[in-house]
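Owing to the predicted nature of the structure, the values given are computational and were not obtained by experimental measurement. All chains are named by letter (A, B, ...) in the order of the sequence lines, taking the proteins before the strands, and each is independently numbered beginning at 1.
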Amino acid sequence: DVKVTQSSRYLVKRTGEKVFLECVQDMDHENMFWYRQDPGLGLRLIYFSYDVKMKEKGDIPEGYSVSREKKERFSLILESASTNQTSMYLCASSLGRATSGANVLTFGAGSRLTVL
Amino acid sequence: DQQVKQNSPSLSVQEGRISILNCDYTNSMFDYFLWYKKYPAEGPTFLISISSIKDKNEDGRFTVFLNKSAKHLSLHIVPSQPGDSAVYFCAAGRYALNFGKGTSLLVTP
């Protein structure tokens with residue numbers, strides 16, 4: 001089974017701090033994604049990556065950046081955390097760009113970030 | 001603007017009855033549709049999918065129906081069980097998936 005591991009389940013940070021959320025997948029998937037989940041808003045795509053060193057903005061990239069130096073690792077960076085970035089962050093990966101099965105995302109367990 | 005809509009934030013069903021969760025999408029280019037289930041404090045898990053070349057896909061108690069002309073899909077759970085109580089997300093797309101806001105299903109004994 002594909003495993004997507006998010007390094008931190010719970011984090012508490014202060015406003016203005018730099019925050020790193022790490023995600024590693026172990027099945028050689030091409031694509032990796034960062035979503036955030038908020039009550040009443042569902043899952044919203046922050047950034048995604050189809051290849052190493054490649055990144056694409058999702059629906060809500062403001063205030064975030066990402067890094068994909070290795071295929072298996074996709075990091076989400078909050079340069080200067082703000083209280084409105086308090087959320088559940090979900091990393092996901094999928095096999096490839098083709099349709100019909102390749103778009104199934106496997107999610108990590110999530111990282112609950114609280115910014116005070 | 002949201003491209004995938006789940007207009008019912010919550011649904012309550014008695015154990016043993018059918019649960020029907022609905023989803024609408026706006027982009028006719030979407031060709032792959034999925035349902036995910038999420039328990040609190042866990043990541044979403046894949047439940048069932050359907051491609052645009054089909055109108056029905058079945059997996060045990062779960063069936064997904066796709067009506068392309070109406071840009072509508074639904075998830076049927078029969079019979080519903082208390083362990084099915086969770087938030088269900090509909091997702092659709094071509095490469096990157098777009099998610100709905102979720103429907104919280106409560107199955108009561």
Side-chain angles (χ1 to χ4, degrees), chain A residues 1-6 8-10 21 23 25 29-51 54-61 87-113, chain B residues 1-10 21-54 57 59 64 66 68 73 86-105:
Chain A
D1 274 357
V2 176
K3 201 166 182 182
V4 178
T5 304
Q6 294 181 232
S8 304
R9 289 299 307 272
Y10 300 94
L21 298 179
C23 175
Q25 50 93 4
H29 277 182
E30 302 290 330
N31 310 323
M32 296 189 76
F33 304 81
W34 276 105
Y35 288 85
R36 63 178 281 179
Q37 184 200 359
D38 300 287
L41 296 176
L43 296 173
R44 294 181 293 166
L45 181 63
I46 304 170
Y47 267 97
F48 60 100
S49 169
Y50 287 136
D51 202 351
M54 177 269 177
K55 60 185 178 185
E56 293 281 349
K57 292 180 180 179
D59 299 319
I60 51 163
S87 186
M88 167 72 88
Y89 289 88
L90 293 160
C91 176
S93 71
S94 70
L95 183 58
R97 295 188 73 170
T99 57
S100 190
N103 283 1
V104 175
L105 299 180
T106 301
F107 282 88
S111 298
R112 169 70 66 184
L113 171 66
Chain B
D1 203 16
Q2 193 139 21
Q3 298 190 72
V4 178
K5 297 178 183 178
Q6 294 176 257
N7 292 319
S8 299
S10 62
L21 294 91
N22 293 302
C23 178
D24 298 293
Y25 62 97
T26 58
N27 191 331
S28 58
M29 295 299 291
F30 290 164
D31 60 1
Y32 201 60
F33 308 88
L34 303 91
W35 286 93
Y36 282 82
K37 176 179 177 180
K38 186 181 185 299
Y39 294 116
E42 293 182 13
T45 54
F46 170 70
L47 192 58
I48 193 169
S49 65
I50 188 167
S51 73
S52 58
I53 61 172
K54 292 186 171 184
N57 189 28
D59 184 2
V64 56
L66 176 64
K68 289 189 292 293
L73 63 154
V87 177
Y88 289 78
F89 289 100
C90 170
R94 190 161 176 82
Y95 298 119
L97 287 177
N98 300 270
F99 284 81
K101 293 183 180 181
T103 297
S104 179
L105 173 66

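- Looking at B:Pro44, both its backbone and its side chain come within 4.5 Å of chain A, counting heavy atoms on both sides.
- With a threshold of 4.5 angstrom between heavy atoms, A:Gln37 approaches chain B through side-chain atoms but not through N, CA, C or O.
- The candidate with the highest count of non-hydrogen atom pairs below 4.5 Å against chain B, out of A:Arg9, A:Arg112, A:Met88, is A:Arg9.
- Only the side chain of B:Leu34 comes within contact range of chain A, with at least one heavy atom under 4.5 Å from a heavy atom of that chain.
- Comparing B:Ser49, B:Pro9, B:Ala41 by how many heavy-atom pairs each has under 4.5 Å with chain A, the most go to B:Ala41.
- More than 12 heavy atoms of other residues, nucleotides or ligands lie within 6.0 Å of CE in A:Met54, so this atom counts as buried by the packing criterion.
- For the pair A:Leu90 and B:Gly43, the tightest heavy-atom approach, listed with the atom from each and the gap, is CD2-CA, 3.9 Å.
- Contact detail for A:Val104 and B:Tyr36: the closest heavy-atom pair is C-OH, 3.7 Å.
- Taking a 6.0 Å sphere around NZ of B:Lys68, one finds it holds more than 12 heavy atoms contributed by other residues, nucleotides or ligands.
- The OH atom of A:Tyr35 lies 5.0 Å from the CG atom of B:Leu97; values are rounded to the nearest 0.5 Å.
- For the residue pair A:Leu43 and B:Phe99, the shortest heavy atom distance occurs at CD1-CD2, 3.4 Å.
- With a 4.5 Å cut-off on non-hydrogen atoms, A:Arg44 does not touch chain B at all.
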